[in-house]
Enquirer: 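Right, I'll just put the structure down here and ask away after.
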Amino acid sequence: MKQKMVLKVQMNCEKCRAQALKIAAATQGVTHIAIQGKEKDELMVTGDEVDLVKLTRCLRKKLHHATILTIEVIKEKKEEKKDDEKYTSPYYVCYPPYPMPPQIMVQDPCQSQACSIM
């Protein structure tokens with residue numbers, strides 16, 4: 001499930017912007033990051049299963065102010081199958097069965113001979 005989130009972060013200087021980008025890039029699941037807004041104070045993050053609460057906490061810890069503005073779920077378009085693929089049969093690989101090991105019959109020589117002591 002792909003998400004697009006916009007966070008308002010207090011970024012007054014280039015150092016703060018670089019730090020915010022670094023924190024967002026280190027978050028698991030993030031695929032795209034951008035800075036937007038008139039005052040360049042909005043951080044747009046796109047990714048799969050991003051933990052937004054964890055990201056916001058990290059930004060608040062380092063930059064002292066971060067607010068979630070929007071969260072948008074992006075639905076991926078399903079690719080339409082071509083007509084050629086519609087009528088093809090699936091490809092199966094059939095392997096021969098494993099060869100059975102030869103069966104060895106073991107007989108105890110004592111049991112096969114009759115006792116001739118008597």
Side-chain angles (χ1 to χ4, degrees):
M1 170 170 68
K2 205 165 197 171
Q3 299 172 338
K4 178 181 174 184
M5 297 142 295
V6 178
L7 300 151
K8 184 166 182 149
V9 183
Q10 183 178 351
M11 298 183 285
N12 299 329
C13 59
E14 284 298 318
K15 184 179 177 183
C16 296
R17 288 185 187 99
Q19 194 170 14
L21 289 172
K22 190 175 182 181
I23 292 168
T27 305
Q28 185 177 2
V30 174
T31 56
H32 182 71
I33 309 162
I35 294 177
Q36 62 184 20
K38 292 179 183 178
E39 299 174 11
K40 303 251 185 214
D41 61 346
E42 294 178 1
L43 185 67
M44 185 185 70
V45 179
T46 307
D48 296 327
E49 298 180 12
V50 178
D51 190 356
L52 189 59
V53 175
K54 183 178 178 182
L55 174 61
T56 308
R57 281 185 188 166
C58 290
L59 289 169
R60 284 181 184 163
K61 187 175 182 180
K62 296 290 182 178
L63 302 172
H64 305 292
H65 182 74
T67 308
I68 300 170
L69 295 179
T70 61
I71 302 172
E72 181 181 333
V73 178
I74 301 170
K75 294 182 181 179
E76 296 179 14
K77 294 181 181 178
K78 294 182 181 178
E79 295 180 15
E80 294 181 17
K81 292 184 179 180
K82 296 179 182 177
D83 292 335
D84 297 338
E85 294 178 6
K86 210 179 236 186
Y87 299 108
T88 59
S89 62
Y91 179 74
Y92 294 105
V93 177
C94 186
Y95 295 103
Y98 290 105
M100 296 295 292
Q103 294 182 355
I104 300 172
M105 299 283 290
V106 179
Q107 293 181 348
D108 189 12
C110 295
Q111 289 182 356
S112 62
Q113 296 177 354
C115 186
S116 62
I117 295 177
M118 291 187 141

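Atoms considered below: every heavy atom in the structure, side chains included; atoms not considered: hydrogens, waters and symmetry mates.
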Enquirer: When you measure from the side chain of Thr31 to the backbone of Thr46, do you find a donor-acceptor pair of N or O atoms at a distance under 3.5 Å?
Expert: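 Answer holds: yes.
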
Enquirer: So do the side chains of Gln10 and Asp41 get within less than 4.5 Å of each other, counting heavy atoms only?
Expert: no

Enquirer: How many angstroms lie between NZ in Lys8 and CD in Glu39, if you round to the nearest 0.5 Å?
Expert: 6.5 Å

Enquirer: Taking transitive links into account, so neighbours of neighbours count too, which hydrophobic residues share a cluster with Leu43 at under 4.5 Å side-chain distance?
Expert: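 Leu43 clusters with Met5, Leu7, Val9, Met11, Leu21, Ile23, Val30, Ile33, Ile35, Val45, Val50, Leu52, Leu55, Leu59, Leu63, Ile68, Ile71.
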
Enquirer: If I take atom SG from residue Cys16 and atom NE2 from residue His64, how far apart are they, to the nearest 0.5 angstrom?
Expert: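 Here the rounded value is 8.5 Å.
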
Enquirer: If a pair satisfies salt bridge (Lys or Arg N to Asp or Glu O under 4.0 Å) and one of its residues is in residues 42-62, list it, with sequence neighbours excluded.
Expert: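 Qualifying pairs, neighbours excluded: none.
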
Enquirer: Could you work out, with side chain to side chain donor-acceptor pair (under 3.5 Å) as the rule, every residue matching Glu72, not counting sequence neighbours?
Expert: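 Result, side chain to side chain donor-acceptor pair (under 3.5 Å) vs Glu72: none returned.
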
Enquirer: More than 12 foreign heavy atoms under 6.0 Å from CD of Gln36: is that the case here?
Expert: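 Enclosed: over 12 neighbouring heavy atoms sit under 6.0 Å from CD of Gln36.
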
